[in-house]
Amino acid sequence: MEMHTRESLRRIHGIQIRPLLVNAKTSRLNYIDYTAMAVKLRDRYVCSALAAGVMKFVSVLDSLTASFRNELRYRAAEGSLMQMSEYQLEDIGVQRDQIHVAVRHGRQDGDLM
């Protein structure tokens with residue numbers, strides 16, 4: 001089996017082989033090159049972790065915003081029903097003390113008059 005150098009592979013076979021990081025003075029990696037590689041990997045990991053954290057924060061914020069909107073809707077509906085007369089509430093099948101539960105959970109089939 002014949003062994004080739006990088007130069008012979010390039011000249012004879014047209015194959016270009018380059019190391020990932022090469023020091024300008026030598027073809028070996030030195031401490032600075034390894035440090036640069038480690039910093040790049042660390043930065044990539046930190047960025048991905050920060051992105052995941054930001055996405056989770058946005059998700060929680062969206063959930064809280066939706067809950068707040070729903071609470072405002074429930075309170076507006078309860079206020080509207082509280083302003084109705086006993087006759088109007090009886091007509092829709094809700095008693096005044098059931099308004100809170102009816103707005104938030106709906107009427108159950110057993111609640112029908």
Side-chain angles (χ1 to χ4, degrees):
M1 184 164 137
E2 187 178 352
M3 298 297 289
H4 291 282
T5 63
R6 283 192 187 125
E7 185 62 29
S8 68
L9 285 172
R10 187 188 59 76
R11 263 188 297 125
I12 298 169
H13 302 289
I15 298 172
Q16 184 74 20
I17 297 178
R18 286 183 247 150
L20 294 174
L21 278 174
V22 177
N23 189 355
K25 296 177 183 173
T26 66
S27 62
R28 286 191 245 155
L29 297 175
N30 62 23
Y31 177 78
I32 295 172
D33 295 330
Y34 284 116
T35 303
M37 288 171 55
V39 167
K40 285 181 184 178
L41 289 173
R42 183 201 61 201
D43 290 347
R44 195 176 302 160
Y45 176 76
V46 168
C47 285
S48 66
L50 281 175
V54 167
M55 293 301 291
K56 182 67 175 174
F57 177 74
V58 168
S59 170
V60 168
L61 194 60
D62 285 344
S63 176
L64 286 173
T65 304
S67 296
F68 185 71
R69 279 193 204 124
N70 286 339
E71 182 65 26
L72 291 178
R73 280 191 216 118
Y74 292 150
R75 288 180 183 210
E78 286 178 14
S80 297
L81 288 173
M82 286 295 210
Q83 291 176 355
M84 290 183 172
S85 67
E86 293 296 327
Y87 178 76
Q88 290 170 321
L89 289 173
E90 186 179 318
D91 193 34
I92 60 174
V94 177
Q95 295 176 357
R96 195 164 297 280
D97 63 343
Q98 296 174 337
I99 289 176
H100 180 77
V101 175
V103 167
R104 293 174 188 273
H105 305 290
R107 289 189 327 177
Q108 304 298 324
D109 290 336
D111 292 343
L112 297 176
M113 293 179 139

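- Atoms CZ and NE2, on Arg75 and His100 in that order, are 9.5 Å from each other to the nearest 0.5 Å.
- The local environment of CG in Leu64 is crowded, with over 12 non-hydrogen atoms from other residues, nucleotides or ligands closer than 6.0 Å.
- Remark: side-chain polar atoms of Thr65 are paired, donor with acceptor, to backbone N or O of Leu61 under 3.5 angstrom.
- Under the 3.5 Å distance criterion, the side-chain polar atoms of Ser80 are matched with a main-chain donor or acceptor of Ala76.
- Placement of Ile92 and Tyr74 within a single hydrophobic cluster is found when ILVMFWY residues are connected by side-chain heavy-atom separations under 4.5 Å, directly or transitively.
- To the nearest 0.5 Å, atoms CZ (Arg104) and CD (Glu71) are separated by 4.0 Å.
- Arg96 pairs by the side chain to side chain contact (heavy atoms under 4.5 Å, CB included) definition with Met82, Glu86, Leu89, Ile99, not counting sequence neighbours.
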